[in-house]
Amino acid sequence: DMTTSHAGALAGSPGVVVAAGTGAVALAVDHDGRSAVADGWGSWLGDDGSGFAIGRRGLQAVLRAHDGRGAATPLTERARQRYGDPTGLPRLVHSSDNPAREIAAFASDVLDLAVEGDAWCRQVWAQAAEALAATTAAAARSVLPPAQPALVATTGGLFGAGELLTRAYDEALERLLPGHDRRPAVGDSCDGARLLATRSGLPHAALLVVSSDATPAPPRSPQ
């Protein structure tokens, strides 16, 4: 998915694409097809700055406040509205078909309060932006020529948070990857898959797995 997302976001051009949703990962590809991936290690080991990471921090704050280990937070009421009694959170999360997604859903509540001006929630989002910028820069520095401005695009639902995330992300990335050229994503993963299937000579070729024993699909019967 990351390969097709990269091709779609940059219309087949070399550069670096960071995808941030429940998880977080960046892929850089240069003109010669060399590539580097940063993060994407999953919720247990990585995904820094992701929706999961933000949601987890919010829920941890709720549980610390519940125990008296931390300050009271307006996130407590948000957690009650979404999940019910905080004491039931462990059972609810661990019995879920997708615990990471369940936790990541709370990132939207942290976002709402950040937009309303809650200082702690704003800090959480700022630190997520810093982490995503670090992931982007790490992938870029691995393969892209340092003398040329790195072409950067962002994808994934987390960037739907808008300026609250993107302003801090751009500021951090300028420090870590000076002179980068961030552009809006041209297309999505489906656009990238279509591009890779119909155009030759793209730098993503080394990332594609082509089955040698693939059999053609039978012809469709006339309708």
Side-chain angles (χ1 to χ4, degrees), residues 1-29 36-41 43 46-58 61 75 78 100-101 103-142 144 148-192:
D1 286 351
M2 193 60 218
T3 301
T4 55
S5 292
H6 187 289
L10 293 179
S13 296
V16 57
V17 174
V18 59
T22 297
V25 61
L27 170 65
V29 180
V37 177
D39 209 343
W41 295 116
S43 56
D47 289 350
D48 294 348
S50 65
F52 172 84
I54 294 170
R56 178 179 59 185
R57 288 192 64 185
L75 285 168
R78 292 286 186 144
R101 187 176 300 169
I103 291 172
F106 198 59
S108 64
D109 297 285
V110 182
L111 174 62
D112 288 345
L113 290 176
V115 171
E116 292 173 10
D118 184 272
W120 187 86
C121 292
R122 293 183 71 86
Q123 182 184 43
V124 168
W125 275 88
Q127 290 170 346
E130 293 269 355
L132 293 172
T135 296
T136 307
R141 287 194 299 259
S142 296
L144 299 180
Q148 298 178 13
L151 189 60
V152 176
T154 57
T155 65
L158 202 68
F159 282 98
E163 191 173 323
L164 184 73
L165 178 65
T166 57
R167 176 182 291 182
Y169 172 81
D170 286 334
E171 291 174 353
L173 192 58
E174 186 56 36
R175 293 194 305 271
L176 298 169
L177 200 65
H180 72 278
D181 180 10
R182 185 165 82 86
R183 303 178 184 179
V186 175
D188 59 16
S189 183
C190 290
D191 296 315

Do any N or O atoms from the side chain of [X] and from the backbone of [Y] form a donor-acceptor pair under 3.5 angstrom?
{"X": "Ser50", "Y": "Thr22", "value": "yes"}
{"X": "Asp39", "Y": "Asp48", "value": "yes"}
{"X": "Glu130", "Y": "Ala168", "value": "no"}
{"X": "Asp191", "Y": "Asp188", "value": "yes"}
{"X": "Arg141", "Y": "Leu176", "value": "yes"}
{"X": "His6", "Y": "Ala11", "value": "no"}

Look at atom CZ of Arg101 and say whether more than 12 heavy atoms of other residues, nucleotides or ligands are closer to it than 6.0 Å. no
Determine the minimum heavy-atom distance between [X] and [Y], stating which atoms define it.
{"X": "Ser142", "Y": "Ala138", "answer": "OG-O, 2.9 Å"}
{"X": "Ser189", "Y": "Asp1", "answer": "OG-O, 3.9 Å"}
{"X": "Pro149", "Y": "Gly179", "answer": "CB-O, 3.1 Å"}
{"X": "Ala153", "Y": "Ala185", "answer": "CB-CA, 4.4 Å"}
{"X": "Ala9", "Y": "Val17", "answer": "CB-CG2, 3.9 Å"}

For Ala139, side chain to side chain contact (heavy atoms under 4.5 Å, CB included) partners two or more places apart: Val16, Ala26, Ala28, Ala38
Measuring from [X]:[atom1] to [Y]:[atom2], what's the distance to the nearest 0.5 Å?
{"X": "Asp118", "Y": "Gln123", "atom1": "CG", "atom2": "CD", "value": "10.0 Å"}
{"X": "Leu144", "Y": "His180", "atom1": "CG", "atom2": "NE2", "value": "12.5 Å"}
{"X": "Thr135", "Y": "Leu27", "atom1": "OG1", "atom2": "CG", "value": "12.5 Å"}
{"X": "Ile103", "Y": "Phe52", "atom1": "CD1", "atom2": "CZ", "value": "4.5 Å"}
{"X": "Thr166", "Y": "Phe159", "atom1": "OG1", "atom2": "CZ", "value": "8.5 Å"}

Would you check if [X] and [Y] make a side-chain contact, meaning some heavy-atom pair closer than 4.5 Å?
{"X": "Trp120", "Y": "Leu75", "value": "yes"}
{"X": "Arg57", "Y": "Trp125", "value": "no"}
{"X": "Leu151", "Y": "Pro14", "value": "no"}
{"X": "Leu158", "Y": "Leu132", "value": "yes"}
{"X": "Arg182", "Y": "Asp170", "value": "yes"}
{"X": "Val18", "Y": "Thr155", "value": "no"}

Do you see a donor-acceptor pair shorter than 3.5 Å between the side chains of Tyr169 and Thr136? yes
When Leu164, Val110, Leu113 are each screened for side chain to side chain contact (heavy atoms under 4.5 Å, CB included) with Arg122, the one that passes is Leu164
Between Glu116 and Arg78, is the closest basic N to carboxylate O distance under 4.0 Å? yes
